[in-house]
Amino acid sequence: MTALATRPVSRTPSTPSAPGIDDRVAAIEQEMQLASGSLSVESVVRIEERFQELRATALREGPAMASHMDRLRALRIQFERLKAPLARQLVDELYRMRSAIQRAQEREQTVRETVIWLSRSAGNDELRGDCAGASVRSSTRHIVPESGSPGRARLESIIREQRLWEEVSIIHGPRLGKAIDAGRFTGAGREEVARLCPRVASHSVRTYEAGPGTPGSRRPDPLTI
């Protein structure tokens, strides 16, 4: 009798199965117990993600989740109670931060305006402190009436009347300002455009880290008081 040849049995490594519903519910309980002493934003996010995973499972496999729903509802109530102190803490912290930012912005505006005044009154483009410097730059521009306003409509009409629309399209504010300063408008339209687009000065302050104070650059001033 000849022996029957047998084909070798292939053995493939088994992949670990996904955690069951019981394991995932238990994981939520365990994480909540660990977080109860010191709850952080990170732990809240992790627990919430676990709840969302189980919610998605419930939508896909309703009957399989039925026996776990009472337990999950109780855990959810406990979780909301656990989050409440953290929520109060974060709301208070956010309020303090925003209040501090508002106070800092108000102080920054006062200091900025004072630095600009000191720079202009002293004729220095740069001011120095013990560890920082401030560079003050000034520029002028013409304010253009808002789109849709009567002033804007009148300005466009004057530009067209004087055949300057293509040259100083109102869409390009700097080009319009250059035309005004260069006297491109004539007659009564010149005065009206000057009234519609008043010239204003603006100032910018750049701060930078610097060494011990040294004199800033002084602008030539024909009048010294």
- Can E166 and R160 be counted as an ion pair, charged N to O under 4.0 angstrom? no

- Task: Would you check, one step at a time, whether the test side-chain hydrogen bond (donor to acceptor under 3.5 Å, both in side chains) holds for R137 with S135?
- Result: CA-CA 7 Å; R137 296 291 181 265; S135 175; 3.0 Å; yes

Closest heavy-atom pair, L127 versus S119, reported as atoms and distance to 0.1 Å, is CD1-N, 4.0 Å

For Q52 and E48, which I'm curious about, is there any donor-acceptor pair between the side chains at under 3.5 Å? yes

Of all heavy-atom pairs linking R120 and S138, the shortest is NH1-OG, 3.7 Å

### Query
Thinking salt bridges, do R184 and E167 make one under a 4.0 Å N-O criterion?
yes

Closest non-hydrogen atoms of Y208 and E126, given as atom of the first, atom of the second and distance, are OH-OE1, 2.9 Å

Taking every heavy atom of W165 against every heavy atom of E156, the minimum-distance pair comes out as CZ3-CG, 4.0 Å

Salt bridge (charged side-chain N to carboxylate O under 4.0 Å, His left out) filter on E192, not counting sequence neighbours, yields R154, R195

**Prompt:** Looking at side-chain heavy atoms only, is the closest gap between D22 and R71 below 4.5 Å?
**Reply:** yes

Heavy-atom closest pair (V168 atom, R175 atom, distance to 0.1 Å) is CG1-O, 3.7 Å

- Message: side-chain contact (heavy atoms from CB on, under 4.5 Å) for T207 and V115? Distances and angles first, verdict last.
- Response: CA-CA 11 Å; T207 55; V115 167; over 6 Å; no

Donor-acceptor check, side chain of S157 to backbone of A153, threshold 3.5 angstrom: yes or no? no

Strictly distance-based, threshold 3.5 Å: is any side-chain N or O of S121 a donor or acceptor partner for the main-chain N or O of W117?
yes

Would you call K83 and E80 a salt bridge, using N to O less than 4.0 angstrom? yes

Handout entry: Ionic contact status for R46 with E42, cut-off 4.0 Å
Key = no

- Output, in order, the C-alpha distance, side-chain angles, deciding distance and verdict of side-chain contact (heavy atoms from CB on, under 4.5 Å) for D181 and H142. CA-CA 9 Å; D181 294 338; H142 290 272; 2.7 Å; yes

Discussion item. Test side-chain hydrogen bond (donor to acceptor under 3.5 Å, both in side chains) on Q105 and Q109; report intermediate values, then the result.
Written reply: CA-CA 6 Å; Q105 288 175 336; Q109 182 177 357; over 6 Å; no

For L82 and M32, the nearest pair of non-hydrogen atoms, with its separation, is CD2-O, 4.0 Å

